[in-house]
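Notes for the one structure printed next.
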Amino acid sequence: MRDKLNCVVVGATGMVGQRFLTLLDGHPYFTVTGVAASSRSAGRKYAEVVEGRWKMSTPIPEAVRDMVIMDAANIDEVGAKCDFIFCAVDMPKDEIKALEEAYAKAEIPVISNNSANRWTSDVPMVIPEINADHLEVIESQRKRLGTKRGFIAVKPNCSIQSYVPALTPLRKYGIKQILVTTYQAISGAGKNFETWPEMVDNVIPYIGGEEEKSEKEPLRIWGEVRGGTIVPAKEPVITTQCIRVPVTDGHTAAVFVSFENTPPRETILEEWASFKGLPQMLELPSAPEQFITYHEEDNRPQAKLDRDLYKGMGVSVGRLRPDTIFDYKFVGLSHNTLRGAAGGAVLIAELLYRQGYLD
């Protein structure tokens, strides 16, 4: 294992790509040695292309300002610059799937923020604290692709990370039914209030494809590796509604849950307080010290106050109480472009690095 690996951010000009660059600036494991985007941006300096549309609160990292953008479709050029890539492109799903597989077949590991390969049966979709064991399916994926190094690993949908972490340690009590309504920030659509003025003083009760992802992806996270593929869990039953709200960052979830063996409230709080995974045990750079933080105040968690907990990588929970129809209800919150997007992908890469998959 080398001290540091070189990476290229593919899709570097979009909001998630920008977030990748800020998180990787000065990273202890990885060095950004290139940026790539569509052919429209290729051949121009990065700072020139994103001028007027840089959406981060911090400046463009000096290390990438003058980098000349490569064409994301030029796999040989990109591959010559790096050991692996982060992928956050804005393209049709079938084109993303083909592009990511082409990189993997060229022996370039892909850590993807995109949804195109989330349901490819031998591609691990990982929340590192929950299902790090799914990474073992990479061996089968490499056999299918005919590669020695190349593979694809993906991060799940941003909104499920506001409630799946809190439900995971409770599965031992036999979760029967889950009802969730998510209230999702506009950055989840890659926008801010300047570029989406229609969201000011507004709520939109529909996000295309989001409810299907929110109901199905948790079952894949809770599934198991069997016969070289990931087999999703069959239970529990999950139903969701996904609503866009006028918040910059932070997805909030109102969660209702029923159990076969209903635990006491104090037991649930103990489960959340003690829940940790490999990222905490390995002390990975992006891992929050406390994965799940419970807020006792009745008016917490709040996006504005709590989304940046542990540099945006912690999950907040509050308002746990009995329900008249379900057994319990509570509120969850996670930062959608940090834990839910680029930060979650960087954490996956850190885990892959420490476990030798990027050697």
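Just so it is clear, the values below take in all heavy atoms, side chains as well, and ignore hydrogens, waters and symmetry mates. A quick note: this is a predicted structure, and the numbers were derived from the prediction, not measured.
Looking at E101 and K105, a side-chain N of the basic residue comes within less than 4.0 Å of a carboxylate O on the acidic one, giving a salt bridge.
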Working for side-chain hydrogen bond (donor to acceptor under 3.5 Å, both in side chains), residues T248 and R307: CA-CA 10 Å; T248 54; R307 61 192 170 206; 3.2 Å; yes
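Note that OG of S274 is 9.0 Å distant from CD1 of I292, once rounded to the nearest 0.5 Å.
Judged purely by atom type and a 3.5 angstrom limit, E289 has no side-chain atom pairing as donor or acceptor with the backbone of Y310. A donor-acceptor pair under 3.5 Å is formed between the side chain of Q280 and the backbone N or O of P288.
Within 6.0 Å of atom CG in D94, more than 12 heavy atoms from other residues, nucleotides or ligands are found, so the atom counts as buried in its surroundings. Atom NZ of K216 has 12 or fewer neighbouring heavy atoms from other residues, nucleotides or ligands inside a 6.0 Å radius.
The heavy-atom pair separating K81 from V8 by the smallest distance is CB-CG2, 3.9 Å.
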Which donor-acceptor pairs under 3.5 Å do the side chains of residues 324-331 make with protein atoms, sequence neighbours left out?
| residue | atom | partner | partner atom | Å |
| --- | --- | --- | --- | --- |
| D327 | OD2 | F259 | N | 2.7 |
| D327 | OD2 | T262 | OG1 | 3.1 |
| Y328 | OH | P263 | O | 2.7 |
| Y328 | OH | R265 | N | 3.1 |
| K329 | NZ | D323 | OD1 | 3.2 |

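Hydrophobic cluster of V203: the remaining members, joined at side-chain heavy-atom separations below 4.5 Å, are Y183, I243, V245, V247, listed by chain and number.
S334 and R339 share no side-chain donor-acceptor pair at under 3.5 Å.
Of the residues listed (I111, V9, I108), the one engaging I85 in a side-chain contact (heavy atoms from CB on, under 4.5 Å) is I108, and it is the only one.
Relative ring orientation between F86 and F84 is described as perpendicular, the plane-to-plane angle rising above 60° on a 0-90° scale split at 30° and 60°.
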